[in-house]
Amino acid sequence: MEDEIYALRMKMEQSYAEEATFSSEKVIGLSRLLDNKINEYMRFRRGLGAAPLG
């Protein structure tokens, strides 16, 4: 799951570099996917009783 988060972040950063704005639909869509994946990861970690990232 961490690899998925990293890959989404890289895609979002690349899209931002191409679009030169955070308000493009492509960047916003990737940002939402990244947020959802991070939330999923945090729920998973809490379920294992692991300490939060930070």
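Because the structure is a prediction, the values reported are computed rather than measured.
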A.B. asks: Are Met42 and Leu33 connected in a single hydrophobic cluster, I mean Ile/Leu/Val/Met/Phe/Trp/Tyr linked by side-chain heavy atoms less than 4.5 Å apart?
C.D. replies: yes
A.B. asks: If you compare all heavy atoms of Leu30 against all heavy atoms of Lys11, which two are closest, and at what distance to 0.1 Å?
C.D. replies: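 The pair with the smallest heavy-atom distance is CD1-O, 3.7 Å.
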A.B. asks: Taking only Lys NZ, Arg NE, NH1 and NH2, and the carboxylate oxygens of Asp or Glu, determine whether Arg43 and Glu40 approach each other closer than 4.0 Å.
C.D. replies: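 No, this pair does not count.
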A.B. asks: Report the distance from atom CD of Glu2 to atom CD of Glu4, rounding to the nearest 0.5 Å.
C.D. replies: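 Atom-to-atom, Glu2:CD and Glu4:CD are 10.5 Å apart.
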A.B. asks: Report whether Ile38 and Met1 are members of the same hydrophobic cluster (ILVMFWY, side-chain heavy atoms less than 4.5 Å apart, transitive linking).
C.D. replies: yes
A.B. asks: Quick check for you: to the nearest 0.5 Å, what is the distance between Leu8 atom CG and Asp3 atom CG?
C.D. replies: 11.0 Å
A.B. asks: Holding to ring pair (Phe, Tyr, Trp, His ring centres under 6.0 Å), I want the full list of residues that pass it with Tyr6, two or more places apart in sequence or in another chain.
C.D. replies: none
A.B. asks: If you link I, L, V, M, F, W and Y whenever their side-chain heavy atoms are under 4.5 Å apart, who else ends up in the same group as Ile28?
C.D. replies: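 For Ile28, no cluster forms, as it stays isolated from other hydrophobic side chains.
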A.B. asks: Apply side-chain contact (heavy atoms from CB on, under 4.5 Å) to residues Thr21 and Val27 and explain how you reach the verdict.
C.D. replies: CA-CA 8 Å; Thr21 178; Val27 175; over 6 Å; no
A.B. asks: Do Leu34 and Phe22 land in one hydrophobic cluster if side-chain heavy atoms of ILVMFWY residues count as linked below 4.5 Å?
C.D. replies: yes
A.B. asks: Mind listing the closest non-hydrogen atom pair of Lys26 and Ser15 along with its distance?
C.D. replies: CE-OG, 3.2 Å
A.B. asks: Quick one: pull up CD in Glu19 and CD in Glu25 and give me the separation to the nearest 0.5 Å.
C.D. replies: 10.0 Å
